[in-house]
Amino acid sequence: MSEHHYTNLQIAALFKKMAAAYQILNENRFKIIAYERAADSIEHLTSEVKDLWDDKKLKDIPGVGDQIIAHLDELFRTGKNKHFDATMAKVPQGVFPLLNVPGIGPKRAYKLVTELKLHNEKSVVDDLQKAAKKGKIAPMEGFGEKSEEDILKNIEIYKKGSIKENRITLAEADMIAAEILSFMKKHASINQIDALGSLRRRVATIGDIDISILSDKPKSAIEHFCSYPNQKIIEKGPTGASILLHNGRQVDLRVQEKKSYGAMLQYFTGSKNHNIQLRTYALSKGYSLSEYGIKKTKSDGKVMLFDNEKDFYNYLGMQWIPPELREDRGEIAAALQNKLPALVEEHDIKGDFHIHTSFNLEPSHDLGADSIEDILDTASLLNYQYIGVSDHNPSVSQHTEAKIIDIMKRRKEFYLTHTDKWNEKHHRNIHVFVMLEVDIDPEGHLSLPEKAFDSVDAVIASIHSSFQQDRASMTSRLIRALSDNQKVKIIGHPTGRLLGKREGYEVDWMKIFEECKKRDVALEINSSPYRLDLPDSLVFDAIKHGVRFVVNSDAHAKGEMMLMPYGVTVARRGWSQKRDIYNTSSYNEIIKWLT
DNA sequence: GCCGTTTTCGGCCCGACTGTTTTCAGTCG
């Protein structure tokens, strides 16, 4: 029996196309929603649908029921699905590329494709652009001069690279938001301003930037927002506006008075799925929620107002839910039972194990930019009790074993003497663990001679090559690395993803979690905004297996040690408590585990 | 087509904005 492979993104895209096709075919709208929901949850899944199918666990995916399971089964077994094919065949293929143009949904796409006879799937966007320029859209029923202009404008935006696919890192979004916030704060009409949406939930990558304003003079606040330099106004109304920055980033603004500001914060923070679940739960209790407040469904329509979020959640009989948890991962059920985790906080972090210095041990990767003294200065500022210097291992190809062992001995001596001097000079007692970030070779062995391990306290094992191995090979490679040497205490940036550049490798994470738990090896939560690795959804899964973590900066310069808060938010998004993170322990505790 | 501390049947989040309308459909978040 042959099997066919589909990635999660392919399946999600297929389901989205099905939802669009159903919309054009005027199918039951809840069926449409069902496919959209299934697509959404598959897109955010941490395991491969194909693997769940192998394990007969498709039922575990939220929004996937008996029907969709049967369709997926046919797809994986035969490489096609008769029902999907038959449905798609009823819809002209040209509609699908058009759905990527902002403002064009299934209905309009269908109308445009059929009436303008845009049948070439590959050139349909260009063909539509030509038709619009010739004025062929304005006369169509349901369209007009303005919609023709909008379509042209939106095709331009689409061609620049759609925002949805072109997400930026959280750190970049923080900078853009900070500029807008400081611009807005200058205006007298603004009492309070907050970045909401995925920014407030601290999601690893950001599409749009959402901002809310507390103001009694919404009109003047919105005017000021629309005067932000270098932007285009997308829409503007009495309660808010949207602008497009010159860098292609969209910023959505909503304004609210104090008496409803809590409801606004709740609504505009999302996530969409969290809000849907919360509103569904509320409905079952006889309440309807909106950004204005809460009203009883069987009443005169009077809305109860909330000026803060805590009261809003409490009114529904649940704890206030921290924004990082609002992803529809069971947070509502937990909040109802008063069982939300006490999340780890920035100030709980007592040290950082993954710092590169400028000490030259001739590695095959990069050195850090700053000296051990500079690093200690920063550690002192951060109130750390301890740090780990984890430079890359000396290049194996360019040195003999004896030479490597020698470098490693000198390095240890160097760090110890320099640390002693620094501590003496500054009347401090920061402990430096002499560690090393060691490559895991393609077979799963560590790229360091056995005897060189004598010169380190502990090791971070990381993959830096051969990313393309298949799932089984990568899994056994990591498992071998975990047991290769007793001093392996941490797996560095475990999935290897680079946000916007490279997907993580394929790994059977459940097996890795079990092995980590067994060997008391921690998974790193790497705070680099380009990594944020382990990703939050896998942190969430790992905790269920009893795995613990270290949050590290992976700093290659002293300033990067300040990025630790990004890692902490990843831990929080994965429901981590203080006890789940090793480097919240004091020095006296941590040495029991690390050495 | 999914789902269940109100239901295995009968529900399914809520509102803003836009353009083309004359009360609404489509799209978005």
Side-chain angles (χ1 to χ4, degrees), chain A residues 15 18-20 22-24 26-41 58-59 61-72 83 87 98-99 101-112 137-151 153-154 163-164 196-198 207-210 212 222 233-242 250-256 260 263-264 266-295 297 303 317-318 328 332-333 336-337:
Chain A
F15 284 6
M18 280 298 290
Y22 277 152
Q23 217 159 329
I24 290 164
N26 284 318
E27 258 288 358
N28 177 327
R29 65 190 185 97
F30 297 110
K31 199 164 163 179
I32 297 163
I33 292 169
Y35 270 90
E36 279 169 348
R37 173 158 149 72
D40 195 60
S41 86
L58 289 178
K59 196 86 191 77
I61 306 173
V64 172
D66 294 341
Q67 300 266 340
I68 290 184
I69 288 174
H71 288 317
L72 284 173
H83 173 65
T87 309
L98 290 189
L99 298 177
V101 178
I104 299 185
K107 298 277 187 174
R108 280 181 185 165
Y110 180 70
K111 202 157 190 180
L112 291 165
I137 292 174
M140 288 169 61
E141 196 192 333
F143 292 85
E145 293 289 340
K146 189 67 170 57
S147 17
E148 190 169 81
E149 270 175 48
D150 286 348
I151 285 174
K153 203 167 68 185
N154 285 327
I163 291 164
K164 277 175 197 161
L196 303 180
S198 48
D208 296 344
I209 291 172
D210 299 317
S212 80
I222 290 166
I233 297 167
I234 297 174
E235 62 183 29
K236 189 170 148 189
T239 63
S242 294
Q250 182 173 329
V251 187
D252 297 328
L253 174 87
R254 297 295 295 268
V255 186
Q256 189 59 269
S260 279
M264 165 62 79
Q266 196 291 315
Y267 152 74
F268 213 23
T269 297
S271 67
K272 187 177 151 195
N273 285 332
H274 172 81
N275 283 358
I276 289 174
Q277 291 308 311
L278 192 69
R279 288 170 180 200
T280 305
Y281 171 76
L283 268 187
S284 75
K285 296 289 171 197
Y287 298 111
S288 171
L289 313 183
S290 77
E291 59 263 51
Y292 298 103
I294 301 178
K295 65 183 174 194
T297 40
V303 180
M318 63 183 78
D328 190 21
I332 292 170
L336 281 167
Q337 295 169 36

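Below, chains carry the letters A, B, ... as their sequence lines are ordered, and counting in each starts from 1.
If you take CE of A/Met264 and C1' of B/dC14, they are 13 Å apart, rounded to a whole angstrom. Per the geometry, CD belonging to A/Glu36 stands 11 Å off C1' belonging to B/dC28, to the nearest Å. If you take CG of A/Asn275 and P of B/dC28, they are 19 Å apart, rounded to a whole angstrom. The separation between A/Ile209 atom CD1 and B/dC28 atom P is 20 Å, rounded to whole Å. Rounded to a whole Å, the NZ atom of A/Lys272 is 11 Å from the P atom of B/dC13. Atom OH of A/Tyr22 and atom C1' of B/dC2 are 13 Å apart (whole Å). To the nearest angstrom, P of B/dG1 lies 12 Å from CG of A/Leu72. What separates CD of A/Glu27 from C1' of B/dG1 is a distance of 10 Å, to the nearest Å.
Inter-residue side-chain proximity for A/Lys59 and A/Asp66 is flagged as met; some heavy-atom pair is nearer than 4.5 Å. Between A/Gln256 and A/Phe268, the closest side-chain pair of non-hydrogen atoms is not below 4.5 Å. For the pair A/Pro62/A/Arg37, a side-chain contact is recorded, criterion being any heavy-atom separation below 4.5 Å from C-beta on. Between A/Leu112 and A/Ile151 there is a side-chain heavy-atom pair separated by less than 4.5 Å.
Nucleotides B/dC12 and B/dT6 place their C1' atoms 15 Å apart, quoted to the nearest Å. For the C1' atom pair drawn from B/dC2 and B/dT8, the interatomic distance equals 12 Å after rounding to whole Å. Rounded to whole Å, the P atom of B/dT7 lies 25 Å from the corresponding atom of B/dG1. Comparing B/dT21 with B/dG26, their C1' atoms are spaced 13 Å from each other, to the whole Å. Nucleotides B/dA25 and B/dT20 place their C1' atoms 10 Å apart, quoted to the nearest Å. Rounded to the nearest Å, the gap between the C1' atom of B/dG11 and that of B/dA16 is 25 Å. Atom C1' of B/dG10 sits at a distance of 25 Å from the matching atom of B/dG15, rounded to the whole Å. Separation of the P atoms belonging to B/dT5 and B/dC13 is 16 Å when rounded to the nearest angstrom.
Which of B/dG29, B/dG1, B/dC3 sits closest to the side chain of A/Arg37 comes down to B/dC3.
In this structure, A/Pro102 and A/Asn154 approach most closely via the heavy-atom pair O-ND2, 3.1 Å. Taking every heavy atom of both residues into account, A/Ala20 and A/Pro106 meet most closely at O-CB, 3.8 Å. Of all heavy-atom pairs between A/Ala241 and A/Ile222, the closest is CB-CG2, 4.0 Å.
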(request) Heavy atoms under 4.0 Å is the rule here; annotate nucleotides 15-27 of chain B 5' to 3' with B where the base is hit, S where only the sugar-phosphate is, and - elsewhere. (result) SSSSSS-----SS
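As judged by a 4.0 angstrom heavy-atom cut-off over every strand, A/Lys59 is placed among residues touching the sugar-phosphate backbone only. No contact: A/Leu278 has no heavy atom under 4.0 Å from any strand.
The partner of B/dT8, taking Watson-Crick or G-U wobble pairs whose two distances both stay under 3.5 Å, does not exist in any strand shown.
Residues satisfying the ring pair (Phe, Tyr, Trp, His ring centres under 6.0 Å) test with A/Tyr22, not counting sequence neighbours, are A/Tyr35. Looking at residues two or more places apart in sequence or on another chain, you find a side chain to side chain contact (heavy atoms under 4.5 Å, CB included) between A/Lys146 and A/Glu149, A/Asp150. When the salt bridge (Lys or Arg N to Asp or Glu O under 4.0 Å) test is applied to A/Glu27, the partners found at least two apart in sequence or on another chain are A/Lys31.
Mapping A/Phe268 and A/Thr297 onto DNA chain B by nearest heavy atom places A/Thr297 at the nucleotide closer to the 5' end.
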Pairs under 3.5 angstrom only: tabulate donor-acceptor contacts from the side chains of residues 285-293 of chain A to other protein residues two or more places apart or in another chain.
residue, atom, partner, partner atom, Å
A/Ser290, OG, A/Tyr292, N, 3.1
A/Glu291, OE2, A/Arg254, NH2, 3.1

Distances under 3.5 Å only, N/O to N/O: pair up the protein atoms with those of nucleotides 6-12 of chain B.
residue, atom, partner, partner atom, Å
B/dT6, OP1, A/Lys285, NZ, 2.8

